[in-house]
Structures are given as C-alpha cells and as structure tokens.
Amino acid sequence: MTVRKNQATLTVDEKKRFVDAVLELKRSGRYDDFVRTHNEFIMSDTDTGERTGHRSPSFLPWHRRFLLDFEQALQSVDSSVALPYWDWSTDRTLRASLWAPDFLGGTGRSSDGRVMDGPFAASAGNWPMNVRVDGRTFLRRSLGTGVRELPTRAEVESVLSISTYDMEPYNSAADGFRNNLEGWRGVNLHNRVHVWVGGQMGTGVSPNDPVFWLHHAYVDKLWAEWQSRHPDAGYVPTGGTADVVDLNETMKPWNDVRPADLLDHTKFYTFDS
Ligand SMILES: [Cu+2]
C-alpha cells in the first residue's frame, strides 16, 4: 500500500528515488503528457461553461485522479516511490529542505527567474521545458515575490471549518469549502501557493515544476482532513447540474471514473499522519 509522507521527513534515499523516477518520466516523454493535460483543462475550464479540473466541485477529485495517474507512472519506474506532500503552512520559508539542491533546488536568479541548482536546473541538462506558454526553455521560480506569505495554519484551520463542500453557482464565485481551499474566495490557500512559487507554477503549465505534485498532494490531504472533520457532509452537487460534474457523472479526460469513486483515498493510499 502506498503511504504518502510529509516531504520534510523523507530520507536522503527517498528523495533520490523520487527525483530519479521523475527524471526518468521526463526522459521518456511521459512527464510532458501530464503538463499538456493540465494546461488543456486550465484553458478550457470556465465559470460560465463546462468546468472539470478547476473552479468547480470536481477540482478535488479531478486532481486526486491526476495525481494517482502520476504516482502510478512513478511507481512503474520505481515501485518504492510515493508522492510526498508539502505542508506549506509549516515549511514556509526558502530555507525549507524542500528547496535544497538534493531535492527540488531553490528559487530562481533575479535577472530571469532561472533555477540555478538542484536536479531540475536547466544547467543539469535533464529538465527541458517542452510544453510551455512562452519561449523560455528553463525552469523558473521566484519564491515569495508574487505574494509574500504562504498560508498559515490558522488560515488552513479556518477553511477546514467550513461545513459545506461546495455551493451554487459551483464556480470561482461560490462559497463553501472547495472554493475557499482552491482559493478564488476567502483567505486563498491553493491558488496563493502557485503564486508564491512563481515561474511556471504561476501558469497553466504548472506541472512543469515538480513541486506541483507536492503542493497538490497536500491540497488532497486537506480534503481528506476536511472529510474526517465533517463526516456527514458530502460531495455536491449530486445530480442534474449543467456544465458541472455531479457525484455520479464520469470525469474527462478519463471518462471511466466518477467523483463518487474517488471520495475515499484509502482505497489508493494512506498518509503518514
Ligand atoms: Cu494547483
């Protein structure tokens, strides 16, 4: 059974195996398929039309399935690897071991945002930006400049306390847990982390930065924490909603999985705590 661990607790060997598996997916071309898929959904999910991956109730189950696909791809390279999560409410500075050269590398240089160290630095030669929204072919970050502060634990708690999963109009204007976690409303958790990292993470091709997976693994964990705090609250809507994925409707691009199939993460993995 896969156990997803806090990235701060990984051993040197676990970090190396994770990085090596990611680099192998990149080398084989499989990694860029994930970047492409994510960008296609970012570009097509709209508040007034069909919406599946983002700004909609299915934001959470869609990313859960997307991460499962990626984790299974990693495990096809090295069966010992699981996705780690980044608790950005705790590991909230540039000094976090997450950004060390033996893991994801640090922030970009000020002139052009280019990441200069770690296994994903352009200079290492293993991380070309093939799926991109502009001409720049190197991984970029500007940690803590687009927005100064990552969310605090108190802000996370305030969102976990919201007892309704989602609300009409089921888009970026909605109240409820999902939209406050996604960040279009309220204290802004998930969206703010993308902006805090900057570079490709602030764009539709955000999976170009491997921190995407660690960020979303923590967002996914917060969904699980919300479920255990609100055992009587469930995914909504439950049927007949235009442009929105109802509980028992299948989701694109897979077309064989429904939110209902993804509510219980313990069918697929557990967390270290
Ligand atoms: Cu995201």
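Counting starts at 1 for both ligands and their atoms, in listed order. Heavy-atom basis, side chains included; hydrogens, waters and symmetry copies ignored. Numbering starts at 1 and runs along the sequence shown. Values in this document were obtained by computation on a predicted structure and should not be read as measured data.
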For this session: State whether His194 contributes an N/O/S atom found under 2.8 Å from the Cu ion (ligand 1).
Result: yes
Problem set entry | Distance-only donor-acceptor check, side chains His38 and His54, under 3.5 Å | yes
Exercise. With respect to Arg55, which candidate in Thr46, Asn179, Asp45, Asp47 satisfies the side chain to side chain donor-acceptor pair (under 3.5 Å) definition?
Worked result: Asp47
For this session: Before accepting this row, confirm whether a basic side-chain N of the pair Lys26/Asp32 lies closer than 4.0 Å to the acidic partner's carboxylate O.
Result: yes
Problem set entry | Heteroatom N/O/S of His215 within less than 2.8 Å of the Cu ion (ligand 1) | no
Problem set entry | Metal site the Cu ion (ligand 1): N/O/S of His63 inside 2.8 Å | no
Exercise. Would you call Lys16 and Asp102 a salt bridge, using N to O less than 4.0 angstrom?
Worked result: no
Problem set entry | NE2 (His216) - the Cu ion (ligand 1) - NE2 (His190) angle, nearest 10° | 110°
